[in-house]
Every structure is written in structure tokens, then in C-alpha cells.
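Index from 1, following the sequence.
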Amino acid sequence: MKKIYVPLVVCLFLTVSSFAQTYYWIGPSSGAGGNWNDNNNWSFSSGGGSAGSFPNSSVHNVIFDQNALVNVNLENIDLLSLTVTSSRTAKMFVGGSMTAPTINLFSTSLVSPALRINSGSRLEDSCDTNIPFVISFNSDAKGLIDGTWYFAGRSTVLGANGATFSLPGLTGLTNRLDVNGTIQFRNNTLCPNPSTGQDYIFFNSGSTYWLD
């Protein structure tokens with residue numbers, strides 16, 4: 001059995017590993033920006049050529065290591081992780097006729113968390129129209145904010161709509177969002193409900209939670 005079992009384990013490991021894929025943004029950083037689902041805006045290497053596909057799977061990693069202006073033009077996006085690094089700013093905005101776009105983050109690793117904003121880097125989430133736009137942490141997913149996570153919206157965004165994030169409302173999970181930098185909510189955004197997910201947010205020494 002050992003002669004059969006060992007090769008099977010190796011093959012299964014390689015099969016599972018082959019599904020994981022990292023995408024780098026190579027699209028616009030100004031003007032009208034670029035659509036999330038445009039294959040030409042993504043590469044499998046930093047500054048490389050077109051990947052020929054776009055990220056939307058719970059085994060896909062996204063890295064912004066250059067400035068980016070991204071139109072989130074899909075109503076549901078699954079990612080293993082999203083990272084902003086190299087002191088860059090990634091701006092993700094939602095407009096058009098969509099109803100409730102959500103980016104779901106899945107990584108449960110503290111080493112490679114579902115969301116990482118490195119020191120000096122900035123992630124901006126905003127709504128141009130009166131709809132919710134949510135970055136959602138799946139059960140047991142982790143996050144690390146060493147830089148700035150900034151939420152904004154136009155004056156047309158009202159009530160229970162706008163850009164925000166959410167953590168599970170259930171207790172007993174291992175979710176953890178560590179904030180060493182800044183989370184800032186401007187006007188016309190949707191602040192997370194403090195009664196849901198509060199057990200999973202840790203504001204560490206030197207961190208800032210800024211509500212406008």
C-alpha cells in the first residue's frame with residue numbers, strides 16, 4: 001500500500017496547489033479606471049503581460065503593487081486574499097446599475113491573511129451610486145491593516161448603502177482583523193454594525209479608527 005499511497009498523496013497535493021493563482025493589477029490608475037473583469041488589466045507576474053483571465057475564485061490571490069483605479073463591475077467576487085503593498089494606492093469603486101456588489105475573502109492564515117494592507121499602502125473603497133458595496137470576511141478569515149483602509153462615497157449614497165466591510169455575526173469563530181494603521185470612514189459610507197463581528201476586530205497600539 002505504501003508504494004501506491006505515497007504517489008497518490010503527492011499527486012493530490014500537486015493537483016490542489018495547481019488551482020491557486022496570484023493575479024497582479026497592470027491596468028489603469030487614473031481617468032475612468034479599468035474594469036475588474038477585463039483580462040488585459042491582470043497579469044500573473046508583477047508588471048507582466050496579460051493573464052488572459054481575471055480573478056474570481058476562492059483560490060485566487062490579488063496583489064496591487066502599483067497604483068490602481070478599479071471599477072468593481074461584478075456583483076460577486078470570491079478571493080483567497082487581497083493585498084496592497086509597495087506603498088501604493090488601490091482605489092476600488094462601484095457604479096452603474098448593479099444591486100449589491102460584494103468581495104468575499106477566504107484566507108484563514110495569519111501569515112497570508114485574506115486582507116493585507118502593508119505600511120505606507122492604501123486601499124480605498126467607494127460607491128458612486130446609492131447601493132451597498134461590501135468587503136466580506138468569510139468564516140475564520142484573517143485581516144491585517146498596517147497601512148490605511150479608506151471608505152468614501154458620493155452625496156447620492158444615502159441610508160443603509162455605501163462602502164463598508166463585514167465580519168461574521170456569529171461567535172466562536174477564529175476571525176481576526178488586526179489594525180495597526182488606520183481605518184477611516186468618510187461621509188456617505190456605511191459603518192459596520194458594532195454589534196456584529198466586534199469580537200474579531202483588534203485595534204492595536206498606535207491604530208486609528210476615524211469616523212467622519
Side-chain angles (χ1 to χ4, degrees), residues 17 19-31 33-51 53-72 74 77-94 103-126 133-138 141-152 163-165 167 175-185 200-210:
S17 299
F19 286 106
Q21 185 64 66
T22 298
Y23 287 80
Y24 293 81
W25 179 262
I26 56 170
S29 60
S30 61
N35 290 335
W36 185 283
N37 66 353
D38 186 338
N39 297 345
N40 293 319
N41 291 330
W42 300 99
S43 177
F44 291 140
S45 61
S46 178
S50 172
S53 59
F54 61 89
N56 189 7
S57 168
S58 60
V59 294
H60 286 167
N61 301 296
V62 161
I63 295 179
F64 293 102
D65 63 353
Q66 68 172 44
N67 293 332
L69 182 59
V70 187
N71 179 19
V72 181
L74 299 174
I77 297 172
D78 290 340
L79 298 176
L80 181 61
S81 70
L82 188 157
T83 299
V84 187
T85 188
S86 301
S87 297
R88 303 303 186 187
T89 295
K91 299 179 180 180
M92 301 195 300
F93 69 93
V94 171
I103 296 179
N104 304 294
L105 302 177
F106 285 85
S107 177
T108 61
S109 170
L110 286 169
V111 177
S112 302
L115 178 66
R116 180 193 293 270
I117 305 173
N118 286 338
S119 178
S121 298
R122 181 180 177 99
L123 175 62
E124 296 187 8
D125 298 335
S126 65
F133 169 34
V134 181
I135 304 294
S136 177
F137 290 85
N138 198 50
K142 309 299 191 294
L144 178 61
I145 314 301
D146 287 332
T148 299
W149 197 3
Y150 180 90
F151 296 85
T164 190
F165 71 88
L167 286 153
N175 287 82
R176 185 179 179 99
L177 175 59
D178 277 287
V179 184
N180 301 306
T182 298
I183 295 179
Q184 181 176 1
F185 283 88
Y200 306 128
I201 305 176
F202 296 84
F203 289 97
N204 301 315
S205 177
S207 63
T208 303
Y209 188 50
W210 186 346

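Two residues are said to be in side-chain contact when any heavy atoms from C-beta on lie closer than 4.5 Å; F54 and L74 meet this criterion. Annotation: side chain of V179 is not in contact with side chain of N204 (no heavy-atom distance under 4.5 Å). Side chains of S81 and V62 form no contact here, defined as non-hydrogen atoms less than 4.5 Å apart. For the pair W25 and V70, the minimum side-chain heavy-atom distance is below 4.5 Å. Between F93 and F133 the shortest side-chain heavy-atom distance does not fall below 4.5 Å. The shortest distance between side-chain heavy atoms of T22 and I63 falls below 4.5 Å.
A distance of 8.5 Å separates CG in N71 from CG in N37, rounded to the nearest 0.5 Å. L144 contributes atom CG, which lies 10.5 Å from atom OG of S119 (distance to the nearest 0.5 angstrom). The OG1 atom of T85 sits 10.0 Å away from the CG atom of D146 when rounded to the nearest 0.5 Å. Once rounded to the nearest 0.5 Å, the distance linking CD1 of I77 with CD1 of I103 reads 4.5 Å. To the nearest 0.5 Å, atom CG of residue L69 and atom CE of residue M92 are 11.5 Å apart. To the nearest 0.5 Å, atoms OG (S136) and CG (L115) are separated by 12.0 Å.
Taking all atoms of both residues into account, the shortest heavy-atom contact from S107 to S112 is OG-O, 2.6 Å. Here the closest heavy-atom approach between residue L80 and residue S58 is recorded as CB-O, 3.2 Å.
W36 and F64 have perpendicular rings, their planes meeting at more than 60° on a 0 to 90° scale where under 30° would count as parallel.
Between the side chain of S43 and the backbone N or O of Y24 there is no donor-acceptor pair closer than 3.5 Å. Judged by distance alone, the side chain of Q66 and the main-chain N or O of P28 form no donor-acceptor pair under 3.5 Å. Looking only at distances, a side-chain donor or acceptor of S50 sits under 3.5 Å from a matching main-chain atom of N39. S121 places a side-chain N or O within 3.5 Å of a backbone atom of S87 that can act as its donor or acceptor partner. Panel note: side chain K142, backbone T108; a donor-acceptor pair is recorded below 3.5 Å. A donor-acceptor pair is defined here as one N or O able to donate and one able to accept, closer than 3.5 Å; such a pair exists between the side chain of N56 and the backbone of D78. Side chain of T208 to main chain of W210: no donor-acceptor pair is present (N/O by atom type, distance under 3.5 Å, no hydrogens or angles). T148 places no side-chain N or O within 3.5 Å of a backbone atom of Y150 that could act as its donor or acceptor partner.
Checked against side chain to side chain donor-acceptor pair (under 3.5 Å), Y200 has no partners two or more places apart in sequence or in another chain. Among residues two or more places apart in sequence or in another chain, the side chain to side chain donor-acceptor pair (under 3.5 Å) test is passed with N138 by none. Residues meeting the ring pair (Phe, Tyr, Trp, His ring centres under 6.0 Å) test with F137, sequence neighbours left out: none. Residues satisfying the ring pair (Phe, Tyr, Trp, His ring centres under 6.0 Å) test with F44, not counting sequence neighbours, are Y23. Taking R176 as the reference, D178 meet the salt bridge (charged side-chain N to carboxylate O under 4.0 Å, His left out) condition, with sequence neighbours excluded.
Among residue pairs with one or both ends in residues 104-126, those qualifying as salt bridge (charged side-chain N to carboxylate O under 4.0 Å, His left out) are R122-E124; sequence neighbours excluded.
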Apply side-chain contact (heavy atoms from CB on, under 4.5 Å) to L105 and L82, showing your working. CA-CA 8 Å; L105 302 177; L82 188 157; 4.2 Å; yes
Is there a side-chain contact (heavy atoms from CB on, under 4.5 Å) between F151 and L123? Walk through the geometry before answering. CA-CA 8 Å; F151 296 85; L123 175 62; over 6 Å; no
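Between the side chains of N180 and S207, no donor N or O sits under 3.5 Å from an acceptor N or O. Using modelled atom types, one finds a donor on one side chain and an acceptor on the other under 3.5 Å when comparing D65 with S46.
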